[in-house]
Amino acid sequence: MTALNVAEDAIMQLESLQTIYASKQAYDLAESYYEAGDYEAAMDAYQEVDESDTERYEDAQSKIASATENYRAQIIEKVGSPSTVDEYETAISLLNSALAVLPDDEELTELLEACKTELVETIKSTALSEATDAIAAGDYEEAFDLLEAALKYAPEDSDLQALVSSAQSQYEEYIASLVADLVAQDDYDGALELIQQALKVLPGSTALKELQTTTQEQKPVPLTDLVVIASDNIEVITTAITDRWGNYYDGTVKFDASRDAYALYNLNKNYTTFTATVFVPSEATNGKDMFISIYVDDELVYYVDSITEESAPISLSVDVSNASTLRIVTGNDGSYNSGYLCFSDAILKK
């Protein structure tokens, strides 16, 4: 044997001794993990025992199988019997981590699938119960939030979808009823605000969008927004104005009756009724004897005279169905100057 061969043999023996030493170190570490109940770490360490380590290799393989069984049992014990959403989510996270260690373990895989199924059922039953209670209490926004969250777990569930559909219909009917009440009180701004808020709850609701469009179309138009074909001696007052009794009015058109003020408006057959409150403002001087004439398509349909500074506010309503024009004429048969007549809260209903 040459010196080279002797050296190579010595190196191989040294490497073998180092391998056996490292193998023993891994085995001893694995044993300590095993005794401590850290079976995942024990399995990793037993895997480091070298096949050439005849003294420990077969025992290490046996211990890997034993550690695997113990690890599986440990995980199953930790999973326990979950009953709440949080418990199921914790169990699923634990099983996913365990399957990263034992990727082909059938028992853990079956348990994971069972937990996922039971989680969906728990979320579904909880959502159905709580959403039903929320609907009964009129808290539709809460109900939709609950159902939307549940549908993320079970997007195809027919029970959840059915309750969503039912709740949506009930909510749309509920809003429509409230809107009808507000419209009956001529509170169109309140009705439109309500619909806007409802659309934040159900942004995709076709029924609410149609209700919004219909309500907007039906909203009365202020006299001040109409197209004026011709006029003389009128003034639009944008600030609040008072009558002699201290009542405040907004959106006023002031007619100087002492100067035979008039205005001709284009209706374009879009309206059904003209309503207004007419009063003598506090700035009018004494001695007035004023009148109002209202013409619809050049036909006199309303007339009142003997209006003085002492006259109470007049509430008028004129049918303008299918009319093309509305003409308001004022005059003063009494003392001449400062004979003002104010038309406030004047609207055209559709």
Looking at Asp289, is its backbone amide N or carbonyl O close enough to the side chain of Asn332 to form a donor-acceptor pair, meaning the two atoms are under 3.5 Å apart? yes

Just list the side-chain donor-acceptor pairs under 3.5 Å for residues 39-51, sequence neighbours left out, or say none.
from: Tyr46; atom 1: OH; to: Glu31; atom 2: OE2; distance (Å): 2.3
from: Asp50; atom 1: OD2; to: Ser52; atom 2: N; distance (Å): 2.8
from: Asp50; atom 1: OD2; to: Ser52; atom 2: OG; distance (Å): 2.5

Tell me which pairs pass side-chain hydrogen bond (donor to acceptor under 3.5 Å, both in side chains) where either residue lies in residues 148-163, with sequence neighbours left out. Glu89-Tyr153, Lys124-Asp157, Lys124-Asp159

Strictly distance-based, threshold 3.5 Å: is any side-chain N or O of Glu193 a donor or acceptor partner for the main-chain N or O of Asp189? no

For residues 91-110, which residue pairs pass the side-chain hydrogen bond (donor to acceptor under 3.5 Å, both in side chains) check, not counting sequence neighbours? Arg72-Asp105

Just to verify, what does Tyr340 make a ring pair (Phe, Tyr, Trp, His ring centres under 6.0 Å) with, not counting sequence neighbours? none

Assess whether atom CD of Glu58 is packed by more than 12 heavy atoms of other residues, nucleotides or ligands within 6.0 Å. no

Listed by chain and number, what are the ring pair (Phe, Tyr, Trp, His ring centres under 6.0 Å) partners of Tyr57, not counting sequence neighbours? none

Does Asp232 come within less than 4.0 Å of Arg259, counting only side-chain N to carboxylate O? no

Could you name each residue pair satisfying salt bridge (charged side-chain N to carboxylate O under 4.0 Å, His left out) that touches residues 200-211, not counting sequence neighbours? none

Can you tell whether the side chains of Arg56 and Asp53 come within less than 4.0 Å, N to carboxylate O? yes

Closest heavy-atom pair, Ala127 versus Leu160, reported as atoms and distance to 0.1 Å, is CB-CD2, 4.3 Å

